[in-house]
Amino acid sequence: MKPAVTYELIKTCKQSGARLGKVHTPHGTFETPIFMPVGTLATVKTMSPEELKELGAEIILSNTYHLWLRPGHDIVKEAGGLHKFMNWDRPILTDSGGFQVFSLSDLREIKEEGVHFRNHLSGEKLFLSPEGAMEIQNALGSDIMMAFDECPPYPAEYDYMKASVERTSRWAERCLKGHARPEDQALFGIVQGGEYEELRKQSARDLVSLDFPGYAVGGLSVGEPKDVMNRVLDFTTPHLPENKPRYLMGVGSPDSLIDGAIRGIDMFDCVLPTRIARNGTCMTSEGRLVVRNAKYARDFRPIDEKCDCHVCRTYSRAYIRHLVKANETFGFRLTSYHNLYFLVNLMKQVRQAIMEDRLLDFRNEFFEMYGFNKP
Ligand SMILES: Nc1cc(CSc2ncc[nH]2)c2nc(N)[nH]c(=O)c2c1
Ligand SMILES: [Zn+2]
């Protein structure tokens, strides 16, 4: 049977370990490396699907945990699935809920059968298992499902991490068994193991032996320093198959996207662009710009003079500052649109640099402009 999602390796950058690829899914094909906007509650906050397409979004993320609690995966299923429910006809990836349980809920108890926790909205006691996570993602109808994993806190003791990796591998096997429609949906395994090279290799070996159509590197962007993340990627990605997509979960800032691509990562997601937009912070080619700052009151230039997005071609810093200060929703729509475009466009430049075998040069130019090299 033809897998629902396949990866086409176009070329590898001669200057770095970066790859140019294409991921073919039932809802369309996207080029990699790619940034995926996050739409946790079946919306990329403040953006319409038409605007997402206009700014260049190809694939978006949503969340098993959140949609299970609200509105309920049964309602989404009745609507004909998440694509129909939210009017998004391009690829959708859903996270499995494990991470959200650990990050949102207190009173959680991890057992072999699954995780017991409290609903972070109502306080009621709930239970989520690998089988449950698969049932929910099956109902949502996402093109890419994530295995139910444990993302341990950073840092974590070696013994705890080893036991957790082994349980996550057993859970991954249970997810595969509970995979109802592999011809329509792809299930990606999630490599864990913290900062321990032996455990990362063990986790990768366990999951590669189960032959998933794609692999995520989990357990990062959980508070570790960036050099730790880069070191973990250096000794993890080589153990993942070259002919499958690699997804670094929860990442991230512009520098992390570039450094991840250099280390062979193909897919990224992060709530950062829309989250900082909602407090009036914008990503620009010369670093972050906090538009509510008084110095922009009479600044009639665009957010980013090097950006060609609709917002930067149409509105001024003064106008957006005014809206943000007045807490006008339109102001946050403008900052969100620009920030999403910034990251989607950054990955377009990364793909171009890989095509021209000059991604390390691009990294140095971008870091200099953005101010990442400043001590
Ligand atoms: N940093 C980080 C972020 C996420 C959420 S990714 C996401 N879900 C929805 C939006 N974005 C993770 N998810 C899982 N399942 N496992 C992880 O280890 C992990 C690590
Ligand atoms: Zn812009």
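Note that the structure is a prediction, hence the values are computed from the model and not measured. Order of listing sets the numbers, starting from 1, for every ligand and every atom in it.
Across all their heavy atoms, G28 and P91 have their closest contact at O-CG, 3.7 Å. Taking all atoms of both residues into account, the shortest heavy-atom contact from P273 to C270 is CD-O, 3.5 Å.
The aromatic rings of F367 and F372 sit tilted, their planes meeting at an angle between 30° and 60°. The aromatic rings of H338 and F342 are tilted relative to each other, their planes meeting at an angle between 30° and 60°. Taking the six-membered ring for Trp and thresholds of 30 and 60 degrees, Y158 and Y196 have ring planes more than 60 degrees apart, a perpendicular arrangement.
For K84, the salt bridge (charged side-chain N to carboxylate O under 4.0 Å, His left out) test picks out no residue, with sequence neighbours left out. With sequence neighbours excluded, the residues satisfying side chain to side chain donor-acceptor pair (under 3.5 Å) with E51 are S48, R333.
The count of protein N, O or S atoms under 2.8 Å from the Zn ion (ligand 2) stands at 4, with waters excluded from the count.
The shortest distance between side-chain heavy atoms of F127 and E113 falls below 4.5 Å.
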(request) Could you walk me through whether Y315 and F330 pass the ring pair (Phe, Tyr, Trp, His ring centres under 6.0 Å) test, one step at a time? (result) CA-CA 11 Å; Y315 302 99; F330 187 52; 5.6 Å; yes
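Protein residues with a heavy atom under 4.0 Å from ligand 1 are V38, L61, N63, D95, S96, F99, Q100, D149, C151, I190, Q192, G218, G219, L220, S221, Y247, M249, G250, D269.
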